[in-house]
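Below: one structure, written as structure tokens.
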Amino acid sequence: MSKLTLQESIAEIKPDMWETSLPIGTFHDLEIDRVISRPFSRVARCVVKGADDTRAVFVKVYRNVMDKPSDEYVEKIQREYDITKFWYDLLEGSDEFCVVKPVLALPEKFIFVSEESKGENLFDMITGKAGFFPSNEDMKQLNQSLLRVGNWLRYKESRLEPEDGLYSIPELLDYINVRLEILKELPGKPFPDSYSERIRLFFERYGETPSDLERRMTITHSDFNPGNILIGKANVTVLDFGRRVTESYLLDVCKLHFQLYLLTLKPQFRSSTIGELQQSLLEGFGDSNADDKLMFRFLTIRN
């Protein structure tokens, strides 16, 4: 790939591509509103103007800083577009439960474009409102937001066909053993052998206990964290579908539940506050006792 400026890369997107991909009518103009530089990409927020409408989009231009073969990036960008489109098509009929909309991809030009989604980042909401002693009004808003995120997950499940097979506990144990060995080799303060032994004993005791219902599989986001969720006035929008993975139906809700727990390791977040938000998430998911399930506990250890 030649070394183009960001403006030159965006200019590779011809007017007819915008007209085909966005409901703007005849293309008039494009303005770059702001630019975000990331380690492996440059992202520009652009305002695309047409005769019928104006839309804001994010144009991501990948940077091949590792000098990998171009084919790898072409495949990666096409895969990102296809996966995002899969999720967008799955939830397209809902105004309340949304996914970022893929606009177009030019893999050979290292370009992926998505439409801007409205809403407040959930991570920013929580870190801005849940610290120390939040007001009753802030807690009401946060609990309602987590309830709606749980609703999003439940709705997503309702749109998917059941997946064949059950979650493999032996494969999970193999993964846990590998991770424990890696932790033991870390420099500085290695993971204590006594902790590793307790984890292994827990799996030996309960590994075959989860029911088939707990071990059922689904298609997951796999990186369901607060930074990938936007809370709007009337909808919840999920971002960054980099993968499409068949996993435990509890994986996404467990991932977010665990990410919330990590906040309690910081002094400004009280366990009681975060626990309340976790409970709202589970209630929205439709299973207020999901964290009591063995499969949920297994996935928490994995996380």
Side-chain angles (χ1 to χ4, degrees), residues 36 38 41 43 45 55-60 76-77 79-105 112-129 141-161 163 217-263 277-278 280-287 290 299 303:
I36 305 166
R38 295 174 175 171
S41 65
V43 181
R45 182 185 185 273
R55 294 296 175 101
V57 300
F58 287 102
V59 181
K60 180 193 287 187
K76 174 183 174 64
I77 295 163
R79 182 168 62 250
E80 181 176 353
Y81 176 83
D82 291 342
I83 291 172
T84 305
K85 191 173 188 307
F86 165 82
W87 288 109
Y88 180 80
D89 290 345
L90 182 74
L91 274 64
E92 187 178 10
S94 174
D95 293 327
E96 183 178 0
F97 307 114
C98 305
V99 169
V100 61
K101 181 180 180 180
V103 173
L104 60 88
F112 174 74
V113 183
S114 58
E115 191 165 350
E116 182 181 52
S117 298
K118 301 295 184 180
E120 187 175 356
N121 184 277
L122 180 61
F123 180 78
D124 293 339
M125 286 183 65
I126 295 170
T127 55
K129 296 179 184 295
Q141 181 184 7
L142 289 172
N143 278 314
Q144 184 62 29
S145 296
L146 268 298
L147 186 77
R148 291 168 61 197
V149 172
N151 290 161
W152 187 98
L153 286 170
R154 180 162 48 169
Y155 180 75
K156 183 264 288 185
E157 279 298 293
S158 73
R159 299 291 297 164
L160 290 166
E161 295 293 332
E163 293 291 307
M217 304 285 278
T218 191
I219 300 175
T220 68
H221 181 288
S222 80
D223 190 20
F224 202 74
N225 69 70
N228 287 335
I229 302 168
L230 299 179
I231 306 297
K233 290 182 179 180
N235 56 35
V236 173
T237 303
V238 177
L239 315 174
D240 288 349
F241 286 89
R243 302 172 66 198
R244 175 182 164 183
V245 182
T246 301
E247 266 280 6
S248 167
Y249 83 99
L250 290 168
L251 179 66
D252 286 337
V253 70
C254 182
K255 176 82 171 181
L256 181 52
H257 191 275
F258 181 71
Q259 291 289 318
L260 292 172
Y261 158 76
L262 291 178
L263 292 174
L277 300 183
Q278 289 174 314
S280 293
L281 169 68
L282 297 182
E283 289 175 4
F285 181 63
D287 188 349
L299 293 170
N303 287 328

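- Within the 4.5 Å cutoff, the side chain of Ile231 has heavy atoms near those of the Val149 side chain.
- Shown here for Ala56 and Glu115, the closest heavy-atom pair between the two residues is O-CG, 3.6 Å.
- Considering only heavy atoms from C-beta on, Cys98 stays 4.5 Å or farther from Leu91 through its side chain.
- Within the 3.5 Å criterion, the main-chain N or O of Leu239 finds a donor-acceptor partner in the side chain of His221.
- For Glu157, the side-chain hydrogen bond (donor to acceptor under 3.5 Å, both in side chains) partners two or more places apart in sequence, or in a different chain, are Thr218.
- Using a 4.5 Å heavy-atom threshold, the side chains of Ile229 and Leu256 count as touching.
- Between the side chain of Arg159 and the backbone N or O of Leu90 there is at least one donor-acceptor pair closer than 3.5 Å.
- Put simply, CG on Leu250 and NE2 on His257 are 11.0 Å apart, with the number rounded to the nearest 0.5 Å.
- The 12-atom threshold is exceeded at OH of Tyr155, counting heavy atoms of other residues, nucleotides or ligands nearer than 6.0 Å.
- Side-chain atoms of Leu277 and Asn143, non-hydrogen and from C-beta on, do get closer than 4.5 Å to each other.
- Taking all atoms of both residues into account, the shortest heavy-atom contact from Glu163 to Met217 is CB-O, 3.6 Å.
- Listed here is the closest heavy atom pair of Phe123 and Gly227: CB-N, 3.9 Å.
- Without hydrogens or angle criteria, Asn228 side chain to Asp223 main chain gives a donor-acceptor distance under 3.5 Å.
- Distance alone, capped at 3.5 Å, places no donor-acceptor pair between the Lys118 side chain and the Asn235 backbone.
- Glu116 contributes atom CD, which lies 13.5 Å from atom NZ of Lys101 (distance to the nearest 0.5 angstrom).
- The distance from atom CZ of Arg243 to atom OG1 of Thr220, rounded to the nearest 0.5 Å, is 7.5 Å.
- Side chain of Asn303 to main chain of Leu299: a donor-acceptor pair is present (N/O by atom type, distance under 3.5 Å, no hydrogens or angles).
- When atom types are taken as modelled, the side chain of Asp252 and the backbone of Ser222 share a donor-acceptor pair closer than 3.5 angstrom.
- Here CZ of Phe97 is found 8.5 Å from OG of Ser158. Values are rounded to the nearest 0.5 Å.
- The ring pair (Phe, Tyr, Trp, His ring centres under 6.0 Å) with Phe224 is formed by just one residue from the set Trp152, Phe241, Phe258, Phe285; it is Trp152.
- For Arg148 (side chain) and Gly232 (main-chain N/O), a donor-acceptor pair under 3.5 Å exists by modelled atom type.
- Residues Pro102 and Phe112 meet the side-chain proximity criterion, which asks for heavy atoms closer than 4.5 Å.
- With rounding to the nearest 0.5 angstrom, the CZ atom of Arg79 is 11.5 Å from the OG1 atom of Thr84.
- Looking at every heavy atom in both residues, Ser117 comes nearest to Thr237 through OG-CG2, 3.6 Å.
- For the pair Pro226 and Asn121, the tightest heavy-atom approach, listed with the atom from each and the gap, is O-OD1, 3.7 Å.
- At a threshold of 4.5 Å between non-hydrogen side-chain atoms, the residues Trp87 and Lys156 count as touching.
- Contact check for Asn151 versus Val236: no side-chain heavy atoms found under the 4.5 Å cut-off.
- Considering only heavy atoms from C-beta on, Leu122 comes within 4.5 Å of Leu146 through its side chain.
- In this structure, Lys255 NZ and Glu247 CD are separated by 11.0 Å, a value rounded to the nearest 0.5 Å.
- The two residues Ile126 and Leu260 come nearest to each other via the heavy atoms CD1-CD2, 3.5 Å.
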